[in-house]
Amino acid sequence: MNWGTLPDGIEAPESREQNMRRLYVHDEDRVLLKVVHYGNPTSVGIEFEEGGDWQFKPLWTQRAGPRAQIYFHPSAVKAAIVTCGGLCPGLNDVIRQVVFTLDVYGVKEILGIQYGFKGFVDPKYPPVALTRKLVSRVHMAGGSFLGVSRGTPDLNDIVDKLQDWGINFFFIIGGNGSHAGAHEIYKRCLERKMKIAVVGIPKTIDNDLQLVDKTFGFDTSVEEAQRAINAAFVEASSAYNGVGIVKLMGRQSGFIAMYATLASGQVDIVLIPEVPFVLEGEHGVYNFMKKRLDKNGLCVVVIAEGAGQELLESSGGVDASGNPILGDIGKWFYSQVKAYFGKIKMSVDVKYIDPTYMIRARHCNSSDHIICSVLGQNAVHGAFAGYTDITIGLVNTHYVFLPIPKVIEVARKVDPNSNMWHRTVTSTGQPDFPMVPQKISEKKAQSQPSSPPKSQPTSPKSPVSGSSRSQSPGAVMDMGPQRRGSRKPSLKSPLPVFNTKRPTSA
Ligand SMILES: Nc1ncnc2c1ncn2[C@@H]1O[C@H](COP(=O)(O)OP(=O)(O)O)[C@@H](O)[C@H]1O
Ligand SMILES: O=P(O)(O)OC[C@H]1O[C@](O)(COP(=O)(O)O)[C@@H](O)[C@@H]1O
Ligand SMILES: [Mg+2]
């Protein structure tokens with residue numbers, strides 16, 4: 001066999017043992033986080049560091065996958081899995097693959113925590129023992145068969161339970177809130193010198209987590225949204241001056257609305273939280289709707305749930321997890337559209353569709369089945385490799401380990417200067433609906449006299465300072481402090497070989 005030219009000091013693998021080395025991911029394998037080398041500061045989508053630097057700097061993180069040597073003896077592992085926050089297509093797939101992979105490693109004790117973090121403290125819902133057989137078909141259904149919840153029990157109670165139950169692998173399938181919780185739990189475990197791997201698997205249909213290409217369930221949500229958009233189009237195109245309005249999820253990020261719009265090709269206007277808009281006036285949304293109705297006899301509008309919140313009275317409330325409770329922009333917009341066209345005496349037939357929970361409750365599509373499977377498997381590989389306070393992500397088409405604080409630093413949002421937003425509005429043909437900030441703030445000031453600024457619990461403040469972009473050239477994303485012990489490679493089995501030497505410090 002011709003192995004080509006190898007670098008000095010590297011020998012071509014000849015024996016079976018040497019070939020087996022190729023079954024594992026090496027600890028020095030890395031994946032670039034940013035791959036575009038911008039040539040000019042005016043390039044679309046360019047990001048600037050504090051201080052204005054925009055030049056390319058390689059920033060890496062560890063490649064996910066099985067290691068040749070592992071920290072934990074599988075027979076000494078007791079794992080717990082929890083699903084938190086709102087539903088998302090693919091939760092059951094991830095649980096299933098975590099259980100399967102633990103089973104392949106030889107782990108016998110796997111607990112499913114019921115109803116999110118609540119399951120640690122509610123005796124009515126004790127943990128359930130998970131087996132390969134029990135989870136083998138769960139991916140066929142949507143939702144989470146373990147249950148989900150919002151709301152935070154005392155994190156010390158959770159850590160107490162982890163300690164009492166002897167858990168040393170803890171898998172948290174959740175969004176930014178759950179990952180903030182996971183990081184807090186990790187810190188408390190560290191204080192107690194517990195030798196535990198705390199591993200997140202990012203779940204959110206909003207796709208609002210930093211660094212990752214996309215979160216699982218996002219593709220499915222975009223796909224399912226097509227059915228609603230298509231129904232809105234069919235209704236609108238069959239009615240006299242038909243208007244179809246579809247509300248899609250996205251508390252603070254308009255990714256589903258943007259991608260669903262671009263995918264559908266049937267949308268005239270898409271409104272997202274990141275791009276302010278005005279409704280009235282020559283350059284407002286209503287006037288553009290009228291133009292489309294005059295020209296085509298129909299108009300389809302997609303509106304993200306977090307869009308235009310400044311136009312509504314804010315309840316100021318938060319949900320059990322501390323997320324802001326939004327005003328219902330969809331229903332409000334529907335009534336305003338009817339009122340506007342009534343005022344200008346133009347007969348329109350307006351239909352409103354809110355498919356949000358139908359989208360979230362779906363089982364996932366093929367591409368998400370695959371993403372969920374790989375994420376679930378890599379979560380287990382990460383734990384066995386001795387990492388903690390990490391999450392698993394798809395970055396530039398490769399699966400990687402990422403430090404949790406980096407992923408939740410700030411919520412990821414649609415960049416109105418990005419190529420993807422430009423592509424979307426090129427597709428709809430909608431103009432800018434320029435915001436007049438003064439008028440809106442005057443409006444707000446009138447409706448909300450003196451309420452204090454609300455906290456933003458969906459963007460948990462990270463204890464880690466600085467952004468990933470502020471790292472020095474060529475930096476490996478720093479996962480060092482979370483890593484424990486050192487290991488000797490071993491090549492006895494195609495599966496990672498355990499190292500009986502336990503970590504010396506947590
Ligand atoms: N900053 C935080 N610190 C600790 N736990 C948190 C934090 N934010 C949210 N959580 C907990 O994580 C769980 C999920 O959070 P939530 O915001 O509802 O969903 P998601 O994880 O999908 O964002 C909840 O039980 C919530 O109380
Ligand atoms: O009605 P619920 O369960 O609070 O969920 C609504 C929220 O769930 C989401 O779909 C996803 O939010 P999470 O990622 O925090 O679960 C948001 O878009 C939406 O605002
Ligand atoms: Mg969230």
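Both ligands and their constituent atoms are indexed starting at 1 by order of listing. None of the values given here were measured: they were computed from a predicted structure.
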Peer 1: When the ring centroid of W421 is compared with that of F255, is the distance short of 6.0 Å?
Peer 2: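 No.
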
Peer 1: Please confirm if an N, O or S atom belonging to N323, backbone or side chain, lies less than 2.8 Å from the Mg ion (ligand 3).
Peer 2: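 No.
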
Peer 1: Between the main-chain N or O of V300 and the side-chain N or O of D268, is there a donor-acceptor pair closer than 3.5 Å?
Peer 2: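 Side chain of D268 to backbone of V300, a donor-acceptor pair under 3.5 Å: yes, one is there.
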
Peer 1: Would you check whether A320 has a nitrogen or oxygen atom less than 3.5 angstrom from a nitrogen or oxygen atom of ligand 1?
Peer 2: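 By distance alone, the answer is no.
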
Peer 1: Decide whether an N or O pair under 3.5 Å exists between N176 and ligand 2.
Peer 2: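 N/O-N/O distance below 3.5 Å does not exist for this pair.
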
Peer 1: Counting only heavy atoms, tell me which of E305, R251, R360, M249 gets closest to atom 19 (C) of ligand 2.
Peer 2: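 Answer by nearest heavy atom: E305.
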
Peer 1: Give yes if a backbone or side-chain nitrogen or oxygen of K203 is under 3.5 Å from a nitrogen or oxygen of ligand 1, and no if not.
Peer 2: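 Yes, at least one N or O pair falls under 3.5 Å.
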
Peer 1: Any donor-acceptor pair under 3.5 Å linking the side-chain atoms of E409 with those of Q210?
Peer 2: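 E409 and Q210 do not have a side-chain donor-acceptor pair below 3.5 Å.
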
Peer 1: Can you tell which part of N323 has a heavy atom less than 4.0 Å from ligand 1: side chain, backbone, both or neither?
Peer 2: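 It is the side chain that gets close, since no backbone atom is under 4.0 Å.
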
Peer 1: Any idea which part of D208 is under 4.0 Å from ligand 2, heavy-atom wise: side chain, backbone, both or neither?
Peer 2: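 Looking at D208 and ligand 2, no heavy atom falls under 4.0 Å.
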
Peer 1: Just by distance, no angles: are the side chains of N230 and Q266 close enough, under 3.5 Å, to form a donor-acceptor pair?
Peer 2: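 The answer is yes; a qualifying pair exists.
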
Peer 1: Do H381 and T101 have side-chain atoms, one donor and one acceptor, less than 3.5 Å apart?
Peer 2: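 The criterion, which ignores hydrogens and geometry beyond distance, is not satisfied for T101 and H381.
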
Peer 1: Considering distance alone, does some N or O of N323 sit under 3.5 Å from an N or O of ligand 2?
Peer 2: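 No, there is no polar N/O contact under 3.5 Å.
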
Peer 1: So F169 and F384, would you call those rings parallel, tilted or perpendicular, with 30° and 60° as cut-offs?
Peer 2: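 Geometry flag for F384 against F169: perpendicular rings.
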
